[in-house]
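To start, the structure itself, in structure tokens.
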Amino acid sequence: MKDPVTVATGITYDRDSIQRWQSHGQNNKICPVTNQPLPIASDFTPNHNLRRLIEAWCVSVSDESPQAKETSLEMKLLAINLTKKLKLRDTQLESLKSIESLVVESEQYRVCFKEVGVVRALVKVVLSCYRDSKIVCLKEALNVLYLVRLTPEETCVILVEYDRIISSLTWVLDLDRHDGFNDIDVYTTMKFQAMVLLKDFIHNAKPHVLERLNREFFKTIVRESKHLGQGMKEGLHVMLTTCTWPRNCSMMIESGAIFELIELELGSPDKAITELVMGVLFHLCSSADGRAQFLGHAASIAMITKRIGKVSPKVDERALMIISLISKFSATDGVLQEMVRVGTVEKLSMVLQVNGRHSYPRDKAREILKRHSNVWKDSPCLDVTLLTWYPS
């Protein structure tokens, strides 16, 4: 192994190997050891302990091998030379292409280039493209940044030193296919990589950075999240990280985020996507405008109801929190009758019966049913005795 990562099933693989496994078709979207579904590559967790052991072993081998030492020195000198050329406009594109070809084929080169400061040089290239509104060198710079994989510490440093990096990556997401892209795959890949990098920066950003995001940023994230396919999950992560600020929530709602999230969920995405959608919807429905937009979608209550008990405990909790907000602050007669019609009351009654004695879902379902028991008491799917009775 060169770059060990632990997947959702708890098994550790080499990153390149498991990514190649996943890319071989739909049947390979499972863990080879456990046969459980695997998330996309961005959900892999680096196994730092194992990597340190591997690196320590490599050093011990290097100490015994003069030839290995010589090779490592040659690689470092090449990395230094190409990084210097990267800073010169006349040699920038040629240097970028050379760096890209090296890091694509070798994890050792990825580490080597990071050690000689290529990350800062690449960030400057992206910022320059943004400043000059040009795409020359942009594809290569984004690809190398994506491949070398920034650590949380590196993203924090870059955010401090280059405060326009978030605006630059948002600009990439706003690029139109007609802005000089002849290859649709290159265009799509660039946007995906920009969204992955943006997710990393947003996740590690300080509160003052998140507080000054603007309306155009959220319009872009909402729009691109539904178009990017694999990058959809990264877009949802960005929304979930930023929506804890009321100001950001308002801008997401104004950008039509709730409608788009409901439409996305109606497409029956995978478990990870649904958990993110429910998390964002809960925060957005904490405001009156958010609840109004939620109820403005004809399938909203039915969609939330259908997810309870079907996906994961996390989805159950978030769905119940959304229904609780609606029932507490936006419970018109029409909404309460809709909850009967689409099976919400029936589903809440089921939660009362199947969950443990003091479980959160059971308590939340009981709270919602008691709140409107005078309206729903004649519903055939509601047993009012359940509102006070607890199973042993």
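Looking only at distances, no side-chain donor or acceptor of T188 sits under 3.5 Å from a matching main-chain atom of D185. Using modelled atom types, one side-chain atom of T274 and one backbone atom of D270 make a donor-acceptor pair closer than 3.5 Å. A donor-acceptor contact shorter than 3.5 Å links the side chain of K347 to the backbone of T305. At distances below 3.5 Å, not a single donor-acceptor pair connects side-chain atoms of S255 with backbone N or O atoms of A257. One N or O on the side chain of R110 and one on the backbone of V103 form a donor-acceptor pair closer than 3.5 Å. The backbone N or O of L352 lies less than 3.5 Å from a partner atom in the side chain of R362, making a donor-acceptor pair. At distances below 3.5 Å, not a single donor-acceptor pair connects side-chain atoms of Y13 with backbone N or O atoms of C31. Under the 3.5 Å distance criterion, the side-chain polar atoms of E154 are matched with a main-chain donor or acceptor of T151. Under the 3.5 Å distance criterion, the side-chain polar atoms of T189 are left unmatched by any main-chain donor or acceptor of V186. Remark: side-chain polar atoms of K191 are paired, donor with acceptor, to backbone N or O of L173 under 3.5 angstrom.
Listed here is the closest heavy atom pair of A205 and L159: CA-CD1, 3.7 Å. Here the closest heavy-atom approach between residue I253 and residue L284 is recorded as CD1-O, 3.8 Å. Contact between L240 and G279 at its shortest, heavy atoms only, is CD1-C, 3.6 Å. The shortest heavy-atom contact between M339 and I301 is CG-CG2, 4.0 Å. I258 approaches L281 most closely through the heavy-atom pair CG2-CD2, 4.0 Å. Annotation for E367 and S324: closest pair OE2-OG, 3.4 Å, computed over non-hydrogen atoms.
A continuous path of hydrophobic side-chain contacts links L336 to V351 [ILVMFWY only; heavy atoms under 4.5 Å]. V136 and W171 are assigned to two separate hydrophobic clusters, defined by single-linkage of ILVMFWY side chains at heavy-atom distances under 4.5 Å. L93 and M190 are assigned to two separate hydrophobic clusters, defined by single-linkage of ILVMFWY side chains at heavy-atom distances under 4.5 Å. No path of Ile, Leu, Val, Met, Phe, Trp and Tyr side chains, each step under 4.5 Å between heavy atoms, connects V335 with F259, placing them in separate hydrophobic clusters. Both V342 and L320 are assigned to one and the same hydrophobic cluster, defined by single-linkage of ILVMFWY side chains at heavy-atom distances under 4.5 Å.
The shortest distance between side-chain heavy atoms of D163 and V209 does not fall below 4.5 Å. Side-chain contact between K310 and V315 is absent, with no heavy atoms from C-beta onward closer than 4.5 Å. K85 places none of its side-chain heavy atoms less than 4.5 Å from the side chain of E94. With contacts defined as side-chain heavy-atom distances shorter than 4.5 Å, the pair R15/P46 qualifies. By the 4.5 Å heavy-atom criterion applied to side chains, L198 and I221 are counted as neighbours. L102 has its side chain within reach of L82: a pair of non-hydrogen atoms, C-beta onward, lies under 4.5 Å apart. Residues M321 and Y360 have side chains in contact (heavy-atom distance under 4.5 Å, counting atoms from C-beta outward). Side-chain contact between K199 and T241 is absent, with no heavy atoms from C-beta onward closer than 4.5 Å.
Within a 6.0 Å radius of CG in D176, more than 12 heavy atoms belonging to other residues, nucleotides or ligands are found. No more than 12 heavy atoms of other residues, nucleotides or ligands lie within 6.0 Å of CG in D333, so this atom counts as exposed by the packing criterion. Residue-environment remark: NZ (K271) stays at or below the threshold of 12 foreign heavy atoms within 6.0 Å. By the 6.0 Å contact criterion, NE2 on H297 is enclosed, its count of non-hydrogen atoms from other residues, nucleotides or ligands being greater than 12. The environment of R371 atom CZ is dense: over 12 non-hydrogen atoms of other residues, nucleotides or ligands sit within 6.0 angstrom.
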Please walk me through it: do H237 and E234 pass side-chain contact (heavy atoms from CB on, under 4.5 Å)? CA-CA 5 Å; H237 272 293; E234 279 66 29; 5.5 Å; no
Start with the C-alpha distance between E263 and K226, add both sets of side-chain angles, then the distance that settles salt bridge (charged side-chain N to carboxylate O under 4.0 Å, His left out), and finish with yes or no. CA-CA 9 Å; E263 287 293 306; K226 69 175 182 178; over 6 Å; no
I304 vs I326, side-chain contact (heavy atoms from CB on, under 4.5 Å): CA-CA, chis, key distance, verdict: CA-CA 11 Å; I304 291 288; I326 298 296; over 6 Å; no
Are V375 and V340 close enough, and set up right, to give a side-chain contact (heavy atoms from CB on, under 4.5 Å), and what steps lead you there? CA-CA 10 Å; V375 177; V340 174; over 6 Å; no
Take T332 and L295 through the test side-chain contact (heavy atoms from CB on, under 4.5 Å) and record every step on the way to the result. CA-CA 11 Å; T332 64; L295 293 172; over 6 Å; no
Please report the C-alpha distance between K314 and E317 in whole Å, then the side-chain angles of each, then the deciding distance to 0.1 Å, and finally whether the salt bridge (charged side-chain N to carboxylate O under 4.0 Å, His left out) criterion is met. CA-CA 5 Å; K314 184 182 289 187; E317 289 190 8; over 6 Å; no
Is there a salt bridge (charged side-chain N to carboxylate O under 4.0 Å, His left out) between R307 and E265 once you walk through the steps? CA-CA 9 Å; R307 295 297 178 267; E265 192 56 36; 2.6 Å; yes
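Under 4.0 Å is where a charged nitrogen must lie from a carboxylate oxygen, and between E216 and K219 at least one such pair does. Between E115 and K76 there is a salt bridge, since a side-chain N of the basic residue sits under 4.0 Å from a carboxylate O of the acidic one. A salt bridge links D3 with R149: at least one charged nitrogen is closer than 4.0 Å to a carboxylate oxygen. A salt bridge does not link K97 to E100: none of the charged side-chain nitrogens sits closer than 4.0 Å to a carboxylate oxygen.
Between R164 and the choices V126, L127, V123, the side-chain contact (heavy atoms from CB on, under 4.5 Å) rule is met once, by L127.
Distance OG/S168 to CG/L197: 11.5 Å, rounded to 0.5 Å. Atoms CD and CG, on Q92 and L96 in that order, are 6.0 Å from each other to the nearest 0.5 Å. If you take CG on L53 and CE on M1, they are separated by 12.0 Å, rounding to the nearest 0.5 Å. For the atom pair CD (E74) and SG (C112), the distance works out to 11.5 Å, reported to the nearest 0.5 Å. Rounded to the nearest 0.5 Å, atoms OG1 (T170) and CZ (F218) are 10.0 Å apart. Rounding to the nearest 0.5 angstrom, the gap separating the SG atom in C249 from the CE atom in M239 is 9.5 Å.
Side chain to side chain, E260 and S225 fail the donor-acceptor criterion of an N or O pair below 3.5 Å. Of the N and O atoms on the side chains of T242 and N248, not one donor lies less than 3.5 Å from an acceptor on the other residue.
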